[in-house]
Each structure stands twice: as C-alpha cells, then as structure tokens.
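This report concerns only the one structure given below.
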Amino acid sequence: MIREVPGAQETADRWCTAHDYTDPGKPKIAWNDEAARAVLVDAPVSDALNLLGRLPEQELGEKAANAVGLLALVGGQDVEPAPDSDGGDGRWRITRGTAADRTVSTVDPDARHVHKNRTRHQDGFKAHASFEPETGLFTAVALTGGHGPDSHEAAVAPGLLEDEDGESTVLGDTAYGTGDLRQSPETEGRTLVIKPPPLRQAVPGGFTTDDFHVDTTTASVTCPAGHTKALGRPLAGGNRQTQFKTLCRACPLRKRCTRSRTGRTFNVHPPVRPPQSRP
C-alpha cells in the first residue's frame, strides 16, 4: 500500500522496522507472553506513525491519498496510550471497546462487523432477499453494509416489497418486524406474519417494556405502579429516556421492576426510517 505514495518506500525502509511488511503472514509471537503482546501493539503502531509523520509533503492522487488515509485509520482506531504514557513514548494498548463503525479490512475498507446476536458475528456485508415460497423465485435482493441505520433490516424491508402488487401474506425474520414496516405504504393490503423479538425482563419474572405506557402525545411514560414521568430531550442517537429514580425508593413493585440502586430508567427508541437511496 505504501508504494502508492511517491517517496514512501524510502521512508518506510528507514523508519518501519517492526515487521517484514513484504511478508503477507501475521507476526509470529508467543501469545501467552504479556510482554510480547505489548510489543506487537507498540511496534506496528509506532511504525505507522513514523511513516505518516515523515511522508514527503506533496499533492497526492486519489489512490495514494486513500492509502495514506487507510493507514492512519487502522493505525489508530483500536489503540490508545498506555495507562502511564503521554502518547509520545511509543507505548500503546488495545482500546477497551470497539468503535461503532470500525474498519475491519484493508483490502475491502467498506466491510464491517455484522452482529447477528450477542454470540454470533461475522465480518463483511448484509444480504437481504425476498422470494416467493411456492416457486422459490427471488423477487428482490439488496446488499448493504454491516453497520449503520441504513443497513438495518427494518430500513431495507420496504424496498424489498415496493414492487409487489396485490394482496399477499408476508413471512419475515424477526429483525424485519418493526412498527415502521407495518405502517409503511409498501405493506398496505398485506398480512404480515413476522414474529416480534422477545421482550427482555430487567428482573427474572418481572415487568417488561409492555407493562409501561408510553404516551406519544404528552411525551411521557407511566410505570406499572402508576407513576408518570416526562421523557427527556432526544440523545445523540435519537433515543429519549425518563428516570423514575426517587419514585422507585418506596415503590412496592420495585423488586419486579429493576435491580438498579438509583431506580428504573426507561428508554424510548426512535422509529427506523427507510433510507432515501439503496445500493
């Protein structure tokens, strides 16, 4: 990749020494050696920073600029300075947590993590398909990224149905079964048979979100004990929440509602809207 930038190979030969980067294999280390694992993080990140900080100052073409940008991204997206480092001594550690839109491949930068559930995940893209069960013929297909609201099943589903004519019964996976899909123009005259996702209980055998009443007119939530609280302003992701806090202290239903010491917090998610354009 660095050969796409004029002058970069000479810089790389001088400053990038942590690994033989002409070797397509991964570095060989003793994975049970904590010091070796630390070096595996420190050295390549330092090499990337050395290269990026010493490239010749010149206008880059699109391909070279993309190569430099990708190197900067993968060199810094998963690391942070070591606990006692100021970021200037070449000591790094793997970041605790994963970036939401993390680039997972240098050969296909558009690929993303795809999470089917908490235990099953893969890297790549999402494929969506609509087919006629009696004939097995596909009636619509779509390929989306692995992350982001425009890639969610709920956003893609209306597009899979928009060219269908007449009344029909639509069978679908749980992920497609959202309120938006049921209310979209593409589903008028159709019967949707989509299993809703299971409701989670904060306390085993306790209340679920269905036991709370959300009033969209007054933007408020009423808990099973009859207490009503206003929803807060939309957060960064569009969610709104209300915190019952002090109302939970003496509530006789508390043990069936929450384990939190500060009381129950209730979140209301925004509806998922279909994207304006699809691949």
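Nothing fancy with the numbering, it's 1 onward along the sequence.
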message = Taking side chain to side chain donor-acceptor pair (under 3.5 Å) as the definition, give me every residue that meets it alongside Asn239, ordered by chain and number, with sequence neighbours left out.
response = His269

inquiry  = If you compare all heavy atoms of Phe138 against all heavy atoms of Ala129, which two are closest, and at what distance to 0.1 Å?
reply    = CE2-CB, 3.4 Å

task = Classify the angle between the aromatic ring planes of His128 and Tyr176 as parallel (below 30°), tilted (30 to 60°) or perpendicular (above 60°).
result = perpendicular

ask   = Is it the case that one hydrophobic cluster holds both Val45 and Leu70, taking links as side-chain heavy atoms less than 4.5 Å apart, direct or via other members?
value = no

task = State, with a plain yes or no, whether a side-chain heavy atom of Arg259 is found less than 4.5 Å away from one of Val203.
result = yes

request  = With rounding to the nearest 0.5 Å, note down the distance linking OG in Ser46 to CG in Leu51.
outcome  = 12.5 Å

request  = Drop me the distance from Arg37's CZ to Asp42's CG, to the nearest 0.5 angstrom.
outcome  = 12.5 Å

message = Within the 3.5 Å criterion, strictly below it, is a donor on His227 or Thr222 matched to an acceptor on the partner's side chain?
response = no

Note, His113 side chain near His147 side chain (heavy atom, < 4.5 Å) = no

ask   = Does Gln243 have any side chain to side chain donor-acceptor pair (under 3.5 Å) partners at least two apart in sequence or in another chain, and if so, which?
value = Gln241, Lys245

task = State the CG-CZ distance between Leu171 and Phe131, to the nearest 0.5 angstrom.
result = 8.5 Å

request  = Using side-chain contact (heavy atoms from CB on, under 4.5 Å) as the criterion, list what pairs up with Leu253, not counting sequence neighbours.
outcome  = Phe207, Pro224, Ala225, Cys251, Arg256

remark   = What one should report as the nearest heavy-atom pair of Ala142 and Val156 is CB-CG1, 3.9 Å

key: Test log, rule salt bridge (Lys or Arg N to Asp or Glu O under 4.0 Å), inputs Asp78 and Arg102   = CA-CA 9 Å; Asp78 290 328; Arg102 180 176 181 270; 2.6 Å; yes

query = Does the side chain to side chain contact (heavy atoms under 4.5 Å, CB included) test come out yes or no for Asp123 and Val114, once each step is laid out?
reply = CA-CA 6 Å; Asp123 295 335; Val114 182; over 6 Å; no

message = Please check this pair: side chain of Arg240 against backbone of Gly232, looking for a donor-acceptor N/O pair closer than 3.5 Å.
response = yes

Which atom of Ser85 lies closest to which atom of Gly88, heavy atoms considered = OG-N, 4.3 Å

ask   = Taking 4.0 angstrom as the limit, do Asp84 and Arg91 come out as a salt bridge?
value = yes

ask   = Does one hydrophobic cluster hold both Leu247 and Phe212, with members joined at side-chain heavy-atom distances below 4.5 Å?
value = yes

ask   = Val68 and Leu55: which non-hydrogen atoms are nearest, and at how many Å?
value = CG2-CD1, 3.8 Å

ask   = What distance separates Arg254 CZ from Ser260 OG, expressed to the nearest 0.5 Å?
value = 7.0 Å

query = Got a second to check how far Asp110's CG is from Ser105's OG, nearest 0.5 Å?
reply = 9.5 Å

note = When rounded to the nearest 0.5 Å, the distance separating CG of Leu231 from OG of Ser220 is 7.0 Å

request  = Show your reasoning for whether side chain to side chain contact (heavy atoms under 4.5 Å, CB included) applies to Lys126 and Leu143.
outcome  = CA-CA 6 Å; Lys126 285 184 177 181; Leu143 181 68; over 6 Å; no

Closest heavy-atom pair and its distance - Leu40, Pro44 = O-CD, 2.8 Å

message = Would you say Val41 ends up clustered with Val74 if hydrophobic residues are merged whenever their side chains have heavy atoms under 4.5 Å apart, either directly or through other cluster members?
response = no

N/O donor-acceptor pair under 3.5 Å between Asp173 side chain and Ala175 backbone = no

request  = Mark yes or no for whether Asp211, through its side chain, and Thr208, through its backbone, hold a donor-acceptor pair below 3.5 Å.
outcome  = yes

task = Apply the test side chain to side chain contact (heavy atoms under 4.5 Å, CB included) to residues Phe266 and Thr209: give CA-CA distance (whole Å), side-chain angles for both, the deciding distance (0.1 Å), then the verdict.
result = CA-CA 8 Å; Phe266 191 88; Thr209 54; 4.0 Å; yes

query = If Ile, Leu, Val, Met, Phe, Trp and Tyr residues are connected whenever their side-chain heavy atoms lie under 4.5 Å apart, and connections chain through other members, are Leu52 and Trp92 in the same group?
reply = no

request  = Start with the C-alpha distance between Asp215 and Val221, add both sets of side-chain angles, then the distance that settles side chain to side chain contact (heavy atoms under 4.5 Å, CB included), and finish with yes or no.
outcome  = CA-CA 6 Å; Asp215 190 328; Val221 179; over 6 Å; no

Expected output: side-chain Glu132 to main-chain Thr135 donor-acceptor under 3.5 Å = yes

ask   = How close do Glu80 and Ile94 get, heavy atom to heavy atom, and via which atoms?
value = OE2-O, 4.4 Å

